[in-house]
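What follows is one structure encoded as structure tokens, with my remarks underneath.
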Amino acid sequence: MRLSQYFLPTLKDTPAEAQIASHRLMLRAGMVRQSSAGIYSWLPLGLRVLKKIEMVVREEQNAIGCHEVLMPTIQPADLWRKSGRYDDYGPEMLRFVDRHERDMLYGPTNEEQITEIFAEAVRSYRELPQMLYHIQWKFRDEVRPRFGVMRGREFLMKDAYSFDLDGAGARRSYNKMFVSYLKTYERLGLKAIPMAADTGPIGGDMSHEFLILADTGESEIACHRDFLEMSLINQSIDFDGDLQPIVDRFTGKYAATDEMRNLETEKALGEDLVTARGIEVGHIFNFGTKYSKPMGASVAGPDGQDVAVEMGSYGIGVSRLVGAIIEASHDENGVIWPDSVAPFQAGIINLKSGDGDCDNVCEDIYRKMRNLGVEVLYDDRDARAGAKFADADLIGLPWQIIVGPRGVKNGVVELKNRKSGDRDELSLEAAFSKISG
RNA sequence: CGGGAAGUAGCUCAGUCUGGUAGAGUACUCGGCUGGGGGCCGAGCGGUCGCAGGUUCAAAUCCUGUCUUCCCGACCA
């Protein structure tokens, strides 16, 4: 992409309404613009990041045999009356009436919708287990939206739903999702820690929140030091095998959100206790037959008797992750994207646009990188070097190829790594191999 | 929903206390000089001062109402 032809309205000043780092940087980097409180438009750069996160999430869901669907944003109130939640949900649910005087709502979540779809289609235990997910915009009319896209009213969420014949099956589905989430967050460059969550009236130990650590997190958390070292990266996981050992490993040590903390346990941990601030980026939940019973989602079991299916739901806040990743990874100059979600893998900074030699070298690099399939943003604007550096750092290009008269004369380019700040003078070939490497 | 703050040029803000021709920086346009970390000089463009009432000869400024946004708290299946 040539920057001179792109739509990237970066800001030097921080708009007054933005207080926290991710909100400030998303506005300054031209990723989003606020429409009204908690509702945002996504501009090209922000949308690229959103789509990349979405893609990672999608791939990991597909990898465990969860099938993608797409349910509507608008749902009929009757659906929610069936589950009893129409009255329970409160003013967070945006309700309205269509032209035929039917009560409608903008979905804050989709348990009812998916349960109806499932109930209508599945009759036999032989068709179980089943897992379905979608990535869709939701709306919750928060009393007080804040933190930019992290606590918006309209937000993009991946929500998945599992259907099993019995508790043991539900546990297997839950474990699949649990491990899948660990992988997903690692791929997104995040350290996510699963923490036991309040299961409300359902009870049991089958609910976890996934929190990432960031100094500006919304709540205080505490966990065992070992969590900082745990990783699944480079491990091939057999999702059809027994996942309980992995789940046990990630739930065996102490980890608690604000309201779940136990001071005695923490005292006993001593030096091994870590306290930090966290941002919730996912929540998985087993709720048994809470929806399947009232919504009539039952199947014929092996004995021919109908049984209500055991269900679970599994959410990842996709749009929230954009902000969360920035909170976890930025400096005073701008965003530092993990490679997997960076809007562009590399940038070319032409320090002297209009200079024949510099232009030629940049064009050459630009063409070659595109041929190699590298997503590259070429800053071909007629702007000062300083302005180009500032924008490149602001939007967080992981690799920056800096082309100036000095290097061109010597047949080298300068390669800067956004994260480390390291700058090396290299041949073009060497730079390419570093970027792709 | 309780408490607090702010709405003036695209953006960041001054001016409001003490009423009297609408300001600065930045961005943008044009010209010139520049060219390795958000340049310099000059000339321009750009504002129903959130909105509605009221007081006054006169309101960005005082009064009343209202809308919007932000912050703290409560809330966040």
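The figures here come from the full heavy-atom set of this structure, side chains too, leaving out hydrogens, waters and symmetry mates. This is a predicted model, so every value here is computed, not measured. Lettering of chains follows the sequences in order, A, B, ..., and the numbering in each one begins at 1.
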Base B/G37 to side chain A/Arg423, donor-acceptor N/O within 3.5 Å cut-off: yes
Donor/acceptor link under 3.5 angstrom from A/Arg28 side chain onto base of B/G38: yes
Closest to the A/Glu142 side chain, choosing from B/C76, B/G38, B/G36: B/C76
Nucleotide paired to B/G37 in any strand shown, Watson-Crick or G-U, under 3.5 Å: none
C1' spacing across the pair B/A52 / B/A60, given as an integer number of angstrom: 16 Å
Sugar-phosphate only, base, or nothing, as touched by A/Thr14 at under 4.0 Å among non-hydrogen atoms: sugar-phosphate
Integer angstrom distance from the C1' of B/G47 to that of B/A14: 15 Å
Among B/A77, B/C71, B/G36, the nucleotide that comes nearest once only the side chain of A/Arg146 is considered: B/C71
Sugar-phosphate only, base, or nothing, as touched by A/Arg153 at under 4.0 Å among non-hydrogen atoms: nothing
Base B/G35 to side chain A/Asp355, donor-acceptor N/O within 3.5 Å cut-off: no
Donor/acceptor link under 3.5 angstrom from A/Asn333 side chain onto base of B/G37: no
Interatomic distance at P, B/A24 relative to B/G44, whole Å: 12 Å
Sugar-phosphate, base or nothing in reach of A/Ala18, heavy atoms under 4.0 Å: nothing
Nearest-nucleotide comparison on RNA chain B, the residue closer to the 5′ end among A/Glu218 and A/Asp13: A/Asp13
Spatial distance of atom CD (A/Glu142) from atom CZ (A/Arg151) [nearest 0.5 Å]: 4.0 Å
Protein-nucleotide distance (A/Ile402, atom CD1; B/G35, atom C1'), rounded to Å: 15 Å
Pairing of A/Glu375 and A/Arg370 as salt bridge, 4.0 angstrom limit: no
Pair of N/O donor and acceptor under 3.5 Å linking B/G37 base with A/Lys416 side chain: yes
Spacing between A/Asp382 atom CG and B/G36 atom P, to the nearest angstrom: 13 Å
Proximity to the side chain of A/Lys352 - top-ranked nucleotide from B/G35, B/C11, B/G36: B/G35
Who pairs with B/U21 - Watson-Crick or G-U, where each distance is under 3.5 Å: none
Partner nucleotide, any strand, of B/U16 [Watson-Crick/G-U, under 3.5 Å]: none
Whole-Å C1' distance, B/U66 and B/A22: 25 Å
Base partner of B/G44, which must satisfy Watson-Crick or wobble distances under 3.5 Å: B/C28
Interatomic distance at P, B/U21 relative to B/A74, whole Å: 49 Å
P-based separation of B/C45 from B/C30 [nearest Å]: 15 Å
Integer-rounded Å distance: B/C76 P and A/Phe155 CZ: 15 Å
Spatial distance of atom CG (A/Asn350) from atom CD1 (A/Ile365) [nearest 0.5 Å]: 9.0 Å
Distance in angstrom units between A/Leu8 CG and B/G38 P, rounded: 19 Å
Base partner of B/U61, which must satisfy Watson-Crick or wobble distances under 3.5 Å: none
Nucleotide opposite B/C75 in a Watson-Crick or G-U pair, distances under 3.5 Å: none
Check: A/Tyr314 ring centroid to A/Tyr161 ring centroid under 6.0 Å: no
A/Lys368/A/Asp364 salt bridge by N-O under 4.0 Å criterion: yes
Whole-Å gap separating P (B/C71) and CZ (A/Arg151): 11 Å
Phosphate-side-chain proximity, A/Arg384 and B/G36, N/O vs OP1/OP2 below 4.0 Å: no
Interatomic distance at C1', B/G35 relative to B/C40, whole Å: 12 Å
Mate of B/A9 where both pairing distances stay under 3.5 Å, Watson-Crick or G-U: none
Along RNA chain B (nearest heavy atom to each residue), the more 5'-positioned of A/Leu394 and A/Ser353: A/Ser353
Which nucleotide in B/G38, B/C1, B/C75 has an atom nearest any side-chain atom of A/Val143: B/C1
Salt-bridge present (A/Lys416, A/Asp393; N to O < 4.0 Å): yes
Candidate nucleotides B/C11, B/A74, B/A77, ranked by approach to the side chain of A/Tyr89 - the nearest: B/A77
Length of the line joining A/Gln400:CD and B/G36:C1', which is rounded to integer Å: 13 Å
N/O (side chain, A/Lys12) to phosphate O (OP1/OP2, B/A27) under 4.0 Å: yes
Ring-face cation of A/Arg140 near A/Phe155 (centre distance under 6.0 Å, axis angle within 45°): no
Spacing of A/Asp88 atom CG relative to B/C76 atom C1', expressed in whole Å: 16 Å
Selected nucleotide, minimal atom distance to A/Ala390 side chain, candidates B/G38, B/G36, B/C11: B/G38
Pairwise P distance for B/C17 and B/A27, with rounding to whole Å: 33 Å
Nucleotide of B/U69, B/G38, B/A74 approaching A/Gln34 most closely (side-chain heavy atoms): B/U69
A/Arg144, nearest nucleotide to its side chain (from B/A77, B/C71, B/G36): B/C71
Contact under 4.0 Å: A/Gln19 side-chain N or O vs B/U69 OP1/OP2: no
A/Tyr40 six-ring face occupied by A/Arg320 cation (under 6.0 Å, within 45°): no
Rounded distance in Å - CD (A/Glu17) to P (B/U68): 16 Å
Face-on cation placement of A/Arg81 at A/Tyr86 ring, 6.0 Å and 45° thresholds: yes
